[in-house]
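Keep in mind the model is a prediction, meaning the values are calculated, not measured.
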Amino acid sequence: KAALVCGVGGTCNAGVCQQTTQGWAKSLRANSYGRFFCAQTQDDTLACWGRNDQGQLGADSKDASSNAPLIVSGVKGVKAYDTGADHACAIDKDDKLWCWGDNSDGQLGDGGTSDSAKPVASTFVKGATDVCAGDGFTCTLDAAGSVRCWGDNYYGQLGNGTTTDSADAAVKVTGLAGITQFDCDNNAICARTGDGTLYCWGDNGDKEIDADQGLAVSTPVMIDKAASVGVFGSGYDTNCWQSGGKLWCKGDNFAGQLGNGTTTDSPTPVAVVGPAVAVKVTGGYDHMAVLDGSGTVWQAGENGDGQLGDG
C-alpha cells in the first residue's frame with residue numbers, strides 16, 4: 001500500500017491529511033508573466049507549485065504541473081529568492097546562488113542554455129545578497145550595492161547600455177551605486193538606493209520608464225528621489241512606487257491598473273486613488289495590488305479571472 005503523502009505544511013493523522021496550525025509559508029513570490037508560485041517555508045526551504053513544463057518547480061521533474069507545493073530539490077537555508085516567467089533562483093545559507101527551470105537565454109547562470117528541473121549552481125557571481133528574476137534574465141545585488149545581470153537583453157534589461165544578450169557572463173548595470181533593494185518583473189527592473197532614489201530600466205513599451213525613449217531603455221533612468229523603503233514594484237508594462245506619502249504609478253492603463261480612476265495610459269506619474277500609506281505594492285498582468293498599513297489589500301485593473309478578489 002502506498003504511503004500517504006500530505007505535502008508541505010501537512011501532517012498525517014490516522015490516515016487523514018491535516019494542515020498544521022501554524023502557517024507553513026514565510027513569504028511568497030510570483031512573476032506577472034509566470035504561471036507558478038514559490039514560497040519560503042518556516043524552515044527556510046522553498047516550495048513551488050503550478051506550471052512545470054520547463055522544470056520551474058525545481059523538484060527534479062518536468063511536464064507535470066502541480067496543484068500542491070513541491071519542495072525545491074537540494075536548496076537549504078534560503079536567504080533570498082525570486083521567480084521569473086519560467087525560472088526561479090535562490091541564495092542559500094552558504095551564499096551560493098542556485099537557479100532552475102527555463103534556460104533558453106542562459107538565465108540560470110551556469111554558462112549553458114539547457115533547461116534544468118533541479119537547481120544548478122550559478123558560476124557568474126559570488127557574494128550576492130539578493131536575487132531577482134524576469135522573463136529570460138536574472139539579476140543579483142551584492143553587499144557593495146552593485147547590480148549584475150545576465151540572460152535576455154532585448155529590452156535593455158541587463159542595464160549595460162546595449163541590447164546584446166549575455167548567456168555566458170554577468171554584466172554590471174551601468175551608473176548605479178549604493179543600491180539596497182531591487183525588483184524584477186517580466187522585462188523591467190527597478191532599484192532603490194539607500195537615500196531613496198529610485199531607478200528603472202528595461203521594457204518601455206508603454207513609456208512606464210521614460211517618455212522620451214523608445215522600446216528599450218538600456219541604462220537606468222531616475223524615477224523619483226524620495227521613494228519609500230521597499231514600497232515599489234513593477235507589473236506588466238506598469239511601474240508603481242510610494243513617495244511623499246502618496247502611491248504613484250505610470251505606464252499601461254488599459255484595464256485601469258494605474259488606480260487613478262481612468263483607463264488612459266500615462267507616461268508621467270499619476271496618484272493612485274484609495275490607499276493612503278502603502279507598505280507593499282506589486283503588479284500583475286494588467287492589474288495592481290497594494291497592501292496598506294492596516295492590513296487591507298487594494299487592487300485595480302483587469303478582473304476577468306477574479307484576480308481583484310472582490311467577489
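Within 6.0 Å of atom NZ in K62, more than 12 heavy atoms from other residues, nucleotides or ligands are found, so the atom counts as buried in its surroundings.
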- [ ] Could you go through the side-chain contact (heavy atoms from CB on, under 4.5 Å) check for K207 and T268 one step at a time?
- [x] CA-CA 8 Å; K207 305 300 182 183; T268 57; over 6 Å; no
TODO: May I have the step-by-step check of side-chain hydrogen bond (donor to acceptor under 3.5 Å, both in side chains) for W298 and D292, ending in yes or no?
DONE: CA-CA 8 Å; W298 303 72; D292 71 16; 2.8 Å; yes
- [ ] Please step through side-chain hydrogen bond (donor to acceptor under 3.5 Å, both in side chains) for the pair N67 and W49, ending with a clear verdict.
- [x] CA-CA 6 Å; N67 60 9; W49 63 98; over 6 Å; no
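The salt bridge (charged side-chain N to carboxylate O under 4.0 Å, His left out) test applied to K79 returns D95, not counting sequence neighbours. For Q54, the side chain to side chain donor-acceptor pair (under 3.5 Å) partners are D102, not counting sequence neighbours.
Counting only distance, with no hydrogens or angles, the side chain of Q181 and the backbone of R192 share no donor-acceptor pair below 3.5 Å. Using modelled atom types, no side-chain atom of S166 and backbone atom of G151 make a donor-acceptor pair closer than 3.5 Å. With hydrogens and angles ignored, the 3.5 Å screen pairs no side-chain donor or acceptor of K96 with any backbone N or O of K126. In this structure, the side chain of S266 does not engage the main chain of V270 through any donor-acceptor pair within 3.5 Å. With hydrogens and angles ignored, the 3.5 Å screen pairs a side-chain donor or acceptor of N153 with a backbone N or O of L158. Using a distance-only test at 3.5 Å, with no hydrogens or angles considered, a donor-acceptor pair links the side chain of D92 to the main chain of D94. Listed for the S122 side chain is a donor-acceptor partner under 3.5 Å among the backbone atoms of G109.
Taken together, the cysteine pair C139 and C184 keeps its SG atoms at least 2.5 Å away from each other.
Ion pairing of K26 with D44 is present here, as a side-chain N (NZ or NE/NH1/NH2) and a carboxylate O approach within less than 4.0 Å.
W150 belongs to a hydrophobic cluster whose remaining members, ordered by chain and number, are I91, L97, F124, V125, V131; membership requires side-chain heavy atoms of ILVMFWY residues under 4.5 Å apart, directly or through intermediates. Cluster partners of V120, using a side-chain heavy-atom cutoff of under 4.5 Å among ILVMFWY residues and allowing indirect links, are L108. Applying the 4.5 Å side-chain rule to ILVMFWY residues, one finds Y155, L215 in the same cluster as Y154.
For residues 129-148, every residue pair satisfying the salt bridge (Lys or Arg N to Asp or Glu O under 4.0 Å) rule, not counting sequence neighbours, is listed here: D142-R148. Residue pairs that meet the side-chain hydrogen bond (donor to acceptor under 3.5 Å, both in side chains) test with at least one member in residues 196-205, sequence neighbours left out, are D195-T197. The side-chain hydrogen bond (donor to acceptor under 3.5 Å, both in side chains) pairs that include a residue from residues 110-119 are N103-D110, where partners are two or more places apart or lie in different chains. Contacts classified as ring-ring contact (aromatic ring centres under 6.0 Å, His included) and involving residues 172-193 (residues at least two apart or in different chains) are not found. Residue pairs satisfying the salt bridge (Lys or Arg N to Asp or Glu O under 4.0 Å) criterion with at least one member in residues 65-78, sequence neighbours excluded, are absent. Residues in residues 65-115 take part in no ring-ring contact (aromatic ring centres under 6.0 Å, His included) pair, two or more places apart or across chains.
To the nearest 0.5 Å, atoms CH2 (W241) and CG (D224) are separated by 6.5 Å. Remark: L176 CG to T219 OG1 distance equals 9.5 Å, nearest 0.5 Å. Taken to the nearest 0.5 Å, the CG atom of D168 stands 9.5 Å off from the OG1 atom of T123.
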Side chains of residues 250-259: which donor-acceptor partners sit under 3.5 Å, not counting sequence neighbours?
residue, atom, partner, partner atom, Å
K250, NZ, I209, O, 3.0
D252, OD1, F254, N, 3.1
D252, OD2, Q257, NE2, 3.4
N253, OD1, Q257, N, 3.0
N253, OD1, L258, N, 2.8
N253, ND2, N260, OD1, 3.4
N253, ND2, T262, O, 2.8
N253, ND2, T262, OG1, 3.2
N253, ND2, T264, O, 3.2
Q257, OE1, F254, N, 3.4
Q257, OE1, A255, N, 2.8
Q257, NE2, D252, O, 3.4
Q257, NE2, D286, OD1, 3.3

